[in-house]
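So the structure is just underneath, and the comments pick up after that.
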Amino acid sequence: MMKLLRSTAALPDWVIASLWLSILAGIWSAAVRFLKIPDYILPAPEQVIGFISSKPGYLLANTVSTLKVIAVGFFCGVATAVPAGFLLGKVRWLERALYPFVAFLQGMPLISVIPVLIIWFGYGLVPTSILVGFSVFFPVLVNAIAGIKNVPDRIYFVTQTMGANALQTFRYIDWPTTLPYLISAARIALAIATTVAVVSEFLAANDGLGYVALIGSRHRDTVQVIAVVVITALVGVLLNTISLLLERKITRRYRD
């Protein structure tokens with residue numbers, strides 16, 4: 001057993017992940033067969049894979065639509081949260097004045113905003129992207145503020161003594177110090193964005209994986225709903241892998 005574990009430890013991560021997924025799929029299939037679980041409660045993985053392979057174009061188009069919502073909402077949320085976080089972290093009186101308002105918005109349930117967004121913007125990319133942007137904004141903002149506050153005041157004193165201007169201080173002190181916080185926040189926000197994008201498509205879109213799941217639930221098609229869950233999980237794994245690769249590349253660059 002120990003030899004088997006040592007041999008698998010030397011394998012690439014994607015091979016280990018594939019092995020675990022195969023084991024889980026086998027357990028799932030065996031449980032459905034031996035426990036005689038009805039298809040409308042839990043379909044076998046073979047049925048889910050068969051459904052996905054029978055409608056590749058349809059599912060791919062809706063997956064691309066969901067990825068578009070994630071991309072637009074994620075980048076808009078990060079693009080607004082990073083400068084806002086630097087500003088609030090630098091200007092203490094501004095943080096004291098605006099942070100209660102930020103906390104109020106963070107505590108507001110996103111689902112309750114959907115009807116208003118539908119009235120304002122209709123169905124489609126705009127309301128769903130706004131919801132994703134809101135969900136991404138707060139974790140990135142909080143981590144950006146934490147990163148700025150983590151810079152010791154004596155370092156700012158040294159940079160001022162050496163005659164560094166604000167841009168140089170930001171480039172060589174603020175940005176490298178805050179970057180690990182932003183990377184961690186971005187990874188967390190990316191997972192949240194994937195979930196929020198699919199959930200928002202239940203109510204505020206006419207396409208996307210969430211809409212496909214909604215159609216499946218209306219027709220009591222458990223296979224279709226489970227297929228959406230599987231595809232969403234794969235999208236999450238793919239995005240997490242991409243974020244890990246970017247994180248390693250960025251941290252290696254600044255470490256060198």
Side-chain angles (χ1 to χ4, degrees), residues 11-28 42-43 45 47-49 51-53 55-79 81 110-111 114 125 127-140 142-143 180-205 207-217 222-251:
L11 295 174
D13 292 342
W14 67 270
V15 175
I16 298 175
S18 300
L19 289 174
W20 279 111
L21 288 175
S22 300
I23 293 172
L24 290 175
I27 295 173
W28 175 8
L42 182 63
Q47 294 176 276
V48 176
I49 295 173
F51 175 82
I52 295 174
S53 60
K55 297 184 177 181
Y58 173 71
L59 294 173
L60 179 60
N62 285 281
T63 302
V64 171
S65 178
T66 300
L67 287 172
K68 188 186 300 182
V69 172
I70 295 171
V72 173
F74 179 81
F75 286 112
C76 289
V78 171
L110 291 177
I111 299 299
I114 292 180
L125 180 64
T128 51
S129 299
I130 290 175
L131 287 174
V132 173
F134 263 108
S135 68
V136 168
F137 177 82
F138 298 109
V140 176
V142 171
N143 277 38
Y181 292 84
L182 295 178
I183 291 175
S184 299
R187 288 186 59 193
I188 296 171
L190 194 57
I192 297 173
T194 304
T195 303
V196 173
V198 175
V199 172
S200 64
E201 288 171 344
F202 280 119
L203 302 173
D207 54 5
L209 292 175
Y211 182 74
V212 175
L214 178 65
I215 296 300
S217 64
T222 312
V223 176
Q224 182 168 325
V225 176
I226 298 296
V228 170
V229 173
V230 171
I231 295 172
T232 304
L234 293 175
V235 168
V237 171
L238 175 63
L239 294 178
N240 183 66
T241 303
I242 294 173
S243 66
L244 279 174
L245 294 175
L246 290 175
E247 177 182 354
R248 291 172 184 171
K249 184 175 181 179
I250 292 171
T251 52

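Positions are given from 1 along the sequence. Just so it is clear, the model here is predicted, and its values are computed rather than measured.
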(request) Show your working on side-chain contact (heavy atoms from CB on, under 4.5 Å) between F51 and L59 and close with a plain yes or no. (result) CA-CA 10 Å; F51 175 82; L59 294 173; 4.2 Å; yes
(message) Please evaluate residues I52 and I231 with respect to the criterion side-chain contact (heavy atoms from CB on, under 4.5 Å), reporting the C-alpha separation (whole Å), side-chain torsions for both, the decisive distance (0.1 Å), and the verdict.
(response) CA-CA 9 Å; I52 295 174; I231 295 172; 4.2 Å; yes
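Judged as a side chain to side chain donor-acceptor pair (under 3.5 Å), and not counting sequence neighbours, T194 has no contacts. Residues meeting the side chain to side chain donor-acceptor pair (under 3.5 Å) test with Q47, sequence neighbours left out: D39. Partners of D207 according to the side chain to side chain donor-acceptor pair (under 3.5 Å) rule, which considers only residues two or more places apart in sequence or in another chain, are S65. Not counting sequence neighbours, the partners of A193 by the side-chain contact (heavy atoms from CB on, under 4.5 Å) test are I70, V132, V136. Scanning for side chain to side chain donor-acceptor pair (under 3.5 Å) contacts around Y211 gives an empty result, with sequence neighbours left out.
Proximity of a side-chain donor or acceptor of Q224 to a complementary backbone N or O of V212 within less than 3.5 Å is detected.
Interatomic distance, CG of N143 versus CG of L182, reported as 7.0 Å (0.5 Å rounding). Here L209 contributes atom CG and F202 contributes atom CZ; the two are 9.5 Å apart, rounded to the nearest 0.5 Å.
Checking N62, T66, T128 one by one against E201, the side chain to side chain donor-acceptor pair (under 3.5 Å) holds for a single residue, T66.
Sequence neighbours left out, the pairs with a member in residues 230-244 that pass side chain to side chain donor-acceptor pair (under 3.5 Å) are R187-N240.
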